[in-house]
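Notes for the one structure printed next.
Order of appearance sets the numbers: ligands from 1, and atoms from 1 within every ligand. Quick caveat, the model's predicted, so the values are computed rather than measured.
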Amino acid sequence: MDSIKEYLDKNKDRFLDELVDILKIPSISADPAYKGDMLKAADAVKARLLEAGCDTAEVSPTPGHPVVYAEKIIDKNLPTVLVYGHYDVQPPDPLDLWDSPPFEPVIKETKIHPEGAIFARGSCDDKGQMYMHVKAMEYMTQNDELPCNVKFMIEGEEEVGSEHLDWWIKENKEKLQNDVILISDTGMISKDTPSITTGLRGLSYVEVEVTGANRDLHSGLYGGAVANPLNILSEMIAQLTDENNHISIPGFYDNVENLSDEERSKMAEAPFSLEEYKEKLDIRDVHGEKGYSTLERGSIRPTLDVNGMWGGYIGEGAKTVLPSKAYAKISMRLVPNQDWKEITELFKKHFESLAPDSVKVEVKPHHGGYPYVTPIDTIGYQAASAAYEETFGKTPIPQRSGGSIPIVSLFEKELDSKIILMGFGLDTDAIHSPNEHFGIWNYLKGIETIPWFYKHFTEMSKK
Ligand code: BES
Ligand code: MN
Ligand code: MN
């Protein structure tokens, strides 16, 4: 396996060029205008998987965007690793905040990435991280280092809630049988502090609409006498949290798993500098639920956030108007034992109860997902840990993340698998933001580490 470093050295320019080609395809799952590019991206992933040594690969249709499935079965008696990733990306908006166009990748140095980072939408989330697995596969098949069976499942709807994946997994249950699921779609603490993600938050996403009068009104003639939906919506949102930044929806915390003091002090051992955190975000202070640290607020505690809010006049200059409607998109991140369908119901009931008679309120649930936490005493985790030890010379720290990959808990339920989250992104990589980037060092480190996982997992499975 020591030949991996050599192989990387020899091929790294090509590995970067190939990633650049995939990043050029604007596979934005949320926008129907990019349906053609979604297919183009799926076809490209399929072709690259075949080139990397898969025996079969297909673009499998769903009622939404297709799933790319590929496999290489070398021996039915050997373990099988199922790799999951996604080829869809978030919309790049707002475009004017990008220093270079989101689908014209460029390599630039940054303070954290002196080796250069590749700037493009999807570079880290998740095309770059997904493609590490394709190149690791190429290395293993080209160098006779593939120790077990591999299956790839690369979907196109992750960024819009994996709506049809539930159905697709149930349809393809037999084909997807595996001994462990491996995903690189998360981050790590820093380049010299490797970590393995052991938890993800769940999600409930809703849109609300508040309606006042049946038409927009002159704010002089009617202002003060008729409800302004934007004012009312702001007041309603303000009531969703209290002075301790605790969420005030009745029943919201009923099933929240509380960590023991021991677990919390273990968490607090992870390297973290609040000063650095604030400095990087250019904020004077942090904000969050009373009684919890910043790391805890961002991982083991549930949240409620407005993601967007609109209505009325937002054009140039001033228009005096009392809008007829106001809207907001609200997300709640959930933690173990919270059921997103129940939470969505609780939100709906509570939000409707907050509305005065002067307005009508409609709550439209969008999508959701269950949280996930994995133990570290499994073969999968131990193999991942051993892999990082090989390439970082350090034992990775288990860490729960605040992000969500709804499909992960579904995998556990439907396929009865353990999921290993080997993420190589950094918090500063600006995923979902303008100027998203992925460090070349991280990209290559990922490709280097993944084959070690296969090796250790296969060896540990034999025992
Ligand atoms: N890869 C991210 C999730 C992530 C990023 C987890 C970093 C942990 C660390 C994924 O693509 C994502 O953005 N998920 C969405 C959820 C989805 C339902 C839209 C999210 O977390 O907002
Ligand atoms: Mn992702
Ligand atoms: Mn994402």
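- Considering backbone and side-chain N/O of E158, one or more are found under 3.5 Å from N/O of ligand 1.
- Residue R333 has at least one heavy-atom neighbour below 4.0 Å for each of these atoms of ligand 1: 20 (C), 21 (O), 22 (O).
- The line from CD of E163 to NE2 of H65 is 10.0 Å long, rounded to the nearest 0.5 Å.
- Near L203, the atoms of ligand 1 lying under 4.0 angstrom from a non-hydrogen atom of the residue are 18 (C).
- Contact annotation: for V160 versus ligand 1, there are no heavy atoms closer than 4.0 Å.
- When hydrogens are left out, the protein atom nearest atom 8 (C) of ligand 1 is S401 OG, 3.0 Å; that is the closest non-hydrogen contact.
- In this structure, S60 contributes its side chain and E58 its backbone to no donor-acceptor pair below 3.5 Å.
- Residue H86 approaches ligand 1 through these ligand atoms, each under 4.0 Å from one of its heavy atoms: 11 (O).
- Residue D185 touches ligand 1 through backbone and side chain together, judged by heavy-atom distances below 4.0 Å.
- Salt bridge annotation for K173-E414: present, with a cationic side-chain nitrogen under 4.0 angstrom from a carboxylate oxygen.
- Between Q338 and Y253, the side chains place no donor N or O within less than 3.5 Å of an acceptor N or O (distance only, hydrogens not considered).
- The P406 neighbourhood of ligand 1 comprises atoms 18 (C), with distances under 4.0 Å to a heavy atom of that residue.
- Residue H367 touches ligand 1 through its side chain alone, judged by heavy-atom distances below 4.0 Å.
- Geometrically, ligand 1 and S404 share a nitrogen or oxygen pair separated by less than 3.5 Å.
- The side chain of I431, and not its backbone, has at least one atom closer than 4.0 Å to an atom of ligand 1 (non-hydrogen atoms only; side chain from C-beta on).
- With Y69 as the aromatic partner, K175 meets the cation-pi criteria of under 6.0 angstrom to the ring centre and within 45 degrees of the ring axis.
- A distance of 11.5 Å separates CD1 in I343 from CG in L203, rounded to the nearest 0.5 Å.
- Checked against F119 for a side chain to side chain contact (heavy atoms under 4.5 Å, CB included), the options D99, D429, T110 give a single hit: T110.
- Note that the CD1 atom of I154 and the NE2 atom of H86 stand 10.0 Å from one another [nearest 0.5 Å].
- Between the side chains of E289 and H246, at least one donor N or O lies within less than 3.5 Å of an accepting N or O.
- Every N/O-N/O distance between T186 and ligand 1 stays at or above 3.5 Å.
- In this structure, M137 CE and Y131 OH are separated by 12.5 Å, a value rounded to the nearest 0.5 Å.
- Judged by distance alone, with hydrogens and angles left aside, the side-chain atoms of R400 form no donor-acceptor pair with the main-chain N or O of L200 at under 3.5 Å.
- Near-neighbour remark for the Mn ion (ligand 3): protein N, O or S atoms under 2.8 Å are D125 OD2, E159 OE1, E159 OE2, H432 NE2; waters not counted.
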